Amino acid sequence: NLNKRYNLPDTSSLKSDTRWNNFISNFKMIMKQELVDHQNSLMKTNKKLTFYSILKTENKNAEFLDYIKNPIHKKIIYKFRLGNHKFRIETGRHTVPKTPERLRTCQICNTSAEVENKTHFLLKCNAYNDIHDKHFI
């Protein structure tokens with residue numbers, strides 16, 4: 001089925017190592033492109049990835065992560081980027097019944113008008129003004 005779908009040669013005819021290696025190389029290249037296309041599609045259509053797609057516009061390794069040596073810090077950044085955090089925008093998805101987005105407000109700065117999401121945390125939350133001033137101004 002894979003041979004037909006990706007227009008690859010019949011693997012039973014790949015007797016030599018060279019032909020087999022070429023087949024594997026081509027297959028990897030095709031699958032990599034499929035993954036990139038799928039990721040691009042998700043970034044355009046998945047509401048959860050809106051913030052992520054603003055910051056990351058290309059499918060390539062985030063080079064800045066290579067400079068973070070502390071594994072705990074790296075893990076925190078990975079979780080933040082993947083949406084694996086405790087912001088109410090995420091935790092509200094998992095309540096039964098689902099909490100409406102407009103009600104997933106920040107409990108830290110007590111502004112009932114602001115939904116607690118990554119943008120609010122990084123730029124708007126009054127509870128973190130000292131951190132905002134230090135790192136973003």
Side-chain angles (χ1 to χ4, degrees):
N1 288 339
L2 289 175
N3 293 353
K4 290 177 187 173
R5 179 173 179 194
Y6 297 109
N7 199 23
L8 297 168
D10 180 16
T11 55
S12 63
S13 68
L14 301 174
K15 306 242 188 256
S16 73
D17 286 343
T18 304
R19 288 193 66 203
W20 177 253
N21 289 338
N22 287 341
F23 168 78
I24 294 297
S25 177
N26 288 338
F27 185 72
K28 283 181 180 179
M29 190 171 60
I30 290 168
M31 294 309 294
K32 182 178 180 180
Q33 186 58 50
E34 287 251 334
L35 180 61
V36 167
D37 292 344
H38 178 69
Q39 288 172 333
N40 284 332
S41 173
L42 281 176
M43 285 175 56
K44 290 176 186 169
T45 60
N46 189 328
K47 187 176 181 183
K48 184 177 175 180
L49 297 174
T50 302
F51 182 82
Y52 183 76
S53 64
I54 291 168
L55 299 177
K56 187 163 174 71
T57 57
E58 297 178 48
N59 285 312
K60 64 177 189 173
N61 288 340
E63 295 169 4
F64 76 91
L65 291 171
D66 295 336
Y67 296 104
I68 301 170
K69 301 302 179 196
N70 185 322
I72 294 169
H73 294 162
K74 194 174 270 198
K75 182 179 178 181
I76 291 168
I77 290 174
Y78 283 142
K79 283 185 164 193
F80 184 80
R81 292 180 73 199
L82 292 169
N84 182 2
H85 47 68
K86 301 291 184 189
F87 296 142
R88 294 207 45 195
I89 193 68
E90 287 300 319
T91 59
R93 291 180 208 277
H94 307 293
T95 59
V96 178
K98 221 182 242 190
T99 305
E101 220 175 274
R102 61 180 167 58
L103 298 179
R104 300 179 202 172
T105 57
C106 182
Q107 303 296 300
I108 298 171
C109 66
N110 296 318
T111 58
S112 59
E114 289 283 338
V115 172
E116 185 183 32
N117 57 24
K118 292 175 186 176
T119 304
H120 175 76
F121 168 75
L122 286 173
L123 304 173
K124 299 177 183 177
C125 187
N126 296 332
Y128 300 106
N129 277 343
D130 55 332
I131 296 171
H132 300 158
D133 293 346
K134 181 178 177 183
H135 295 288
F136 294 114
I137 293 180

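The shown structure was predicted, so the numbers you read here are calculated from the model rather than taken from an experiment.
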**Student:** Identify the two heavy atoms, one from Ile89 and one from Glu101, that lie closest to each other, and give their separation to 0.1 Å.
**Tutor:** CD1-CG, 3.4 Å
**Student:** On the six-membered ring of Phe80, is Lys118 placed so that its NZ or CZ lies under 6.0 angstrom from the centre and within 45° of the ring axis?
**Tutor:**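 So Lys118 does make the cation-pi contact.
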**Student:** Would one find more than 12 heavy atoms of other residues, nucleotides or ligands at under 6.0 Å from atom CZ of Phe64?
**Tutor:** yes
**Student:** Look up atom CZ in Phe87 and atom CD1 in Ile108, then write down how far apart they are to the nearest 0.5 Å.
**Tutor:**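 CD1 of Ile108 is found 8.0 Å from CZ of Phe87.
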**Student:** What distance do Asn40 atom CG and Leu35 atom CG have between them, rounded to the nearest 0.5 Å?
**Tutor:** 9.5 Å
**Student:** Rounded to the nearest 0.5 Å, what separates atom SG in Cys125 from atom CG in Asn117?
**Tutor:** 10.5 Å
**Student:** Working to the nearest 0.5 Å, report the span between CD1 of Ile76 and CG of Asn84.
**Tutor:**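 The CG atom of Asn84 is 11.5 Å from CD1 of Ile76, to the nearest 0.5 Å.
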**Student:** Could you state the interatomic distance from CZ (Arg104) to OG1 (Thr99), rounded to the nearest 0.5 Å?
**Tutor:**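 That separation rounds to 6.0 Å.
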**Student:** When you measure from the side chain of His132 to the backbone of Phe121, do you find a donor-acceptor pair of N or O atoms at a distance under 3.5 Å?
**Tutor:**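 Present.
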**Student:** Roughly how far, to the nearest 0.5 Å, is CD of Glu116 from CD of Glu90?
**Tutor:** 10.5 Å
**Student:** Can you confirm whether Leu123 is buried at CG, in the sense that more than 12 heavy atoms of other residues, nucleotides or ligands lie under 6.0 Å from that atom?
**Tutor:**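 Buried by this count: over 12 neighbours within 6.0 Å.
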**Student:** Going by salt bridge (Lys or Arg N to Asp or Glu O under 4.0 Å), name the pairs with one or both residues in residues 61-87, residues two or more places apart or in two chains.
**Tutor:**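 Qualifying pairs: none.
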